[in-house]
Amino acid sequence: MAEILPLKAWRYSHLLDQNIEQLTSPLFDVVSAKQREALYQNPYNSIHLSVPRGAQPADEAAYLLEQWKQKGVLQQDPLPGIYVYYQYFKLAGNDREYCRKGFICHIKAYDWSERVLLRHENTIPSAVNDRIDLLAKTELNSSATHGLYTDPDFSLEQYMDESIKSPIYETEDYQGVRDVLAVIQDHEVIQKFVDVLREKQVLLADGHHRYEGSLEYRKHMMAQNPSHTGFEAYNYHLMYLTNTESDDLRILPTHRVLQQIDLSDEEFLQRLSEYFIITPKEDPVELNEVIVGKQWAFGLYLSGNAYKLRLKPEMHHLIDWQVPQEVKDLDLTVMHYFIFQRVLGIDPEVQRNYSSLSYERNFTTCIRQVDTGASRLALITNEVSMEQVKRVCYSGAIMPQKSTFFYPKVICGFLFSSIKEDEFISAPAACL
């Protein structure tokens, strides 16, 4: 099944990493414009490699990377390792401290058809193209994607717990999360990680665009290399792996916000009433509470008015998309089919790049966007469960785009991984 390898990570020089919190940054797809501008002010912040600026951003990142290597801003660890990464966090309204435990390694960039690495949602094509260009120019993974493996015995946890007692970094990030990084360089212990994953399929939790970028780059390089062996550096991708069986693995909802629709409020509500039971609500603050635990229920905030929507059960069979039942039963499938396709007339393929549609994780921000007139309406949804993600992945199907928000996000800047041949640890070398 999944082939993983240790890596010799590139990390900031010890002269800089004493202030590691000033060098880390959010992932490219969650960093806001305001955050970016603030981070760009630090000439050594990781944002310059993950979300580069300039007319030719990928070229700018490649040039800067070489400068950092030559000047010793970044230095490569002398020994290969598995990098243990723990994130300690709390959720709003809950005093419990969670700890998401995982490790960072290289993993082969498997084609979806190989059924070793399984995806669960659609991607947005333009974002994939940006990642391919950046990877091709820099030959660097600036951040790890997030993958999931299933191990009910938690057989690797003892080694991770021991390693994390001697951290390389420990800091608090922009999410208020305490991030801790350590490394395992013992060959026998590393082999245990390799052996456990060799028996597993991996579900891609977060980073579909970056993974597809690696996958397309691998295909491109294979086509150019008549002597392709499968051991070349371009075959691999940087991934953070966590156990699906952990109770500390949290998925938060991703709401939908529409800037405009071609219907009056009255027409929109009238069309919705064909499929949904509509219940007006006095206070929009209630919207994320009145739908909790209710299947096919949504909050609607439209031009300053709040409503609870719940699909009429007899309507569910109308979904005619050619997808498995596991996908048809999802709340977001119901939303995208009945609201976006049937009510608003937006074709499923068009939905993927629909310019008036945005995705928002923060409930308060959804309400504020409508109140300020920046958006016409917000659709509030429930979170997707880990069991639903697993069922969809194993069915071979995918969810609508932006279905899940695994929290917290991995941060960028703790380490970078090179896929240049002379900076990479190949499978044969790793097994010596």
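Since the model is a prediction, treat every value here as computed from it, not as a measurement.
Between His146 and the choices Tyr407, Tyr85, Phe406, the ring pair (Phe, Tyr, Trp, His ring centres under 6.0 Å) rule is met once, by Phe406. With Tyr110 as the fixed residue, the side chain to side chain contact (heavy atoms under 4.5 Å, CB included) test singles out one of Met1, Arg115, Glu3: Glu3. When each of Asp248, Asp161, Asn243, Thr242 is paired with Lys101, the side-chain hydrogen bond (donor to acceptor under 3.5 Å, both in side chains) condition holds for Asp161 and for no other.
Residues Trp10 and Glu423 are in side-chain contact: their nearest non-hydrogen atoms beyond the backbone lie under 4.5 Å apart. A heavy-atom distance below 4.5 Å is not found between the side chains of Phe193 and Leu241. Side-chain contact between Phe338 and Leu318: present, with at least one pair of heavy atoms (C-beta onward) separated by less than 4.5 Å. At a threshold of 4.5 Å between non-hydrogen side-chain atoms, the residues Leu377 and Phe268 count as touching. Looking at Asp151 and Glu245, their side chains never come closer than 4.5 Å, going by heavy atoms from C-beta outward. Annotation: side chain of His120 is not in contact with side chain of Gln388 (no heavy-atom distance under 4.5 Å). Side-chain contact between Leu39 and Val51 is absent, with no heavy atoms from C-beta onward closer than 4.5 Å. Contact annotation: the side chain of Thr150 never approaches that of Lys200 to less than 4.5 Å [non-hydrogen atoms, C-beta and beyond].
Here Arg218 does not pair with Asp111 in a salt bridge; the nearest charged N to carboxylate O distance is not below 4.0 Å. Between Lys34 and Glu37 no salt bridge is recorded (no basic side-chain N to carboxylate O distance below 4.0 Å). Looking at Arg11 and Asp77, a side-chain N of the basic residue comes within less than 4.0 Å of a carboxylate O on the acidic one, giving a salt bridge. A salt bridge links Glu349 with Arg352: the distance from a Lys NZ or Arg NE/NH1/NH2 to an Asp or Glu carboxylate oxygen falls below 4.0 Å.
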Query raised in the report: Passes salt bridge (charged side-chain N to carboxylate O under 4.0 Å, His left out), Glu60 versus Arg53? Steps please.
Result: CA-CA 7 Å; Glu60 293 285 338; Arg53 293 190 290 185; over 6 Å; no
Requested in this report: Mind running side chain to side chain donor-acceptor pair (under 3.5 Å) on Tyr240 and Asp206 for me, showing each step along the way?
Outcome: CA-CA 10 Å; Tyr240 167 59; Asp206 189 32; over 6 Å; no
Query raised in the report: Is there a side-chain contact (heavy atoms from CB on, under 4.5 Å) between Leu344 and Leu258 once you walk through the steps?
Result: CA-CA 11 Å; Leu344 295 174; Leu258 277 165; 3.6 Å; yes
Requested in this report: Check the pair Leu311, Tyr337 against side-chain contact (heavy atoms from CB on, under 4.5 Å), reporting the backbone distance first and the verdict last.
Outcome: CA-CA 11 Å; Leu311 184 72; Tyr337 179 80; over 6 Å; no
**Report entry** His237 vs Arg210, side chain to side chain donor-acceptor pair (under 3.5 Å): CA-CA, chis, key distance, verdict
**Finding:** CA-CA 9 Å; His237 172 81; Arg210 283 169 287 149; over 6 Å; no
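Put simply, the side chain of Thr333 gets close to the backbone of Val327: a donor and an acceptor are under 3.5 Å apart. No donor-acceptor pair closer than 3.5 Å links the side chain of Asn19 to the backbone N or O of Gln22. Counting only distance, with no hydrogens or angles, the side chain of Gln322 and the backbone of Asp320 share a donor-acceptor pair below 3.5 Å. For the pair Ser163 (side chain) and Met160 (backbone), a donor-acceptor distance under 3.5 Å is absent. Checked by atom type and distance alone, the side chain of Arg271 pairs as donor or acceptor with a backbone atom of Val343 at under 3.5 Å. Without hydrogens or angle criteria, Trp296 side chain to Leu309 main chain gives no donor-acceptor distance under 3.5 Å. With Thr254 contributing its side chain and Tyr359 its backbone, the two residues share no donor-acceptor pair below 3.5 Å. A distance-only check finds a donor-acceptor pair linking the side chain of Gln351 to the backbone of His336 [under 3.5 Å]. Using modelled atom types, no side-chain atom of Arg131 and backbone atom of Glu212 make a donor-acceptor pair closer than 3.5 Å. At least one donor-acceptor pair closer than 3.5 Å links the side chain of Asn45 to the backbone N or O of Thr24.
In terms of heavy atoms, Ile398 sits closest to Arg119 at CG2-CG, 3.6 Å. Residue Asp247 comes nearest to Arg96 through the heavy atom pair OD2-NH1, 3.0 Å, listed as atom of the first residue, atom of the second, then distance. Scanning all heavy atoms of the two residues, the minimum distance from Tyr307 to Pro280 falls at CD2-CA, 3.9 Å. Taking both residues in full, the closest heavy atoms of Lys409 and Tyr174 are given as CB-OH, 3.7 Å, listed atom of the first, atom of the second, then distance. Closest of all the heavy-atom pairs between His255 and Thr381 is ND1-N, 3.1 Å. The heavy-atom pair separating Leu135 from Leu140 by the smallest distance is CD1-O, 3.6 Å.
Here Phe416 contributes atom CZ and Ser143 contributes atom OG; the two are 9.0 Å apart, rounded to the nearest 0.5 Å. Taking CG of Leu117 as the reference point, atom CD of Gln201 lies at 9.5 Å (rounded to 0.5 Å). Between atom OG of residue Ser417 and atom NE2 of residue His106 there is a gap of 3.0 Å, rounded to the nearest 0.5 Å. The structure places CZ of Phe276 at 8.0 Å from CE of Met335, a figure rounded to the nearest 0.5 Å. In this structure, His316 NE2 and Gln295 CD are separated by 7.0 Å, a value rounded to the nearest 0.5 Å. Going from atom CD of Glu267 over to atom CD1 of Ile261 covers 9.0 Å, rounded to the nearest 0.5 Å.
Ring geometry for Tyr12 versus Trp68: interplanar angle of 30 to 60°, hence tilted.
Note: Trp112 and Tyr211 meet the aromatic proximity criterion, with ring centroids under 6.0 Å apart.
Heavy-atom contacts from other residues, nucleotides or ligands closer than 6.0 Å to CG of Asp347 number more than 12. Arg361 CZ: more than 12 foreign heavy atoms inside a 6.0 Å radius. For Gln270, the CD atom counts as loosely surrounded, since its 6.0 Å shell holds 12 or fewer non-hydrogen atoms of other residues, nucleotides or ligands. For Glu282, the CD atom counts as loosely surrounded, since its 6.0 Å shell holds 12 or fewer non-hydrogen atoms of other residues, nucleotides or ligands. Remark: Tyr44 OH is loosely packed, at most 12 non-hydrogen atoms of other residues, nucleotides or ligands lying under 6.0 Å away. Within 6.0 Å of OH on Tyr88 lie more than 12 heavy atoms contributed by other residues, nucleotides or ligands.
Looking at Tyr169 and Asp179, their side chains never bring a donor and an acceptor atom within 3.5 Å of each other.
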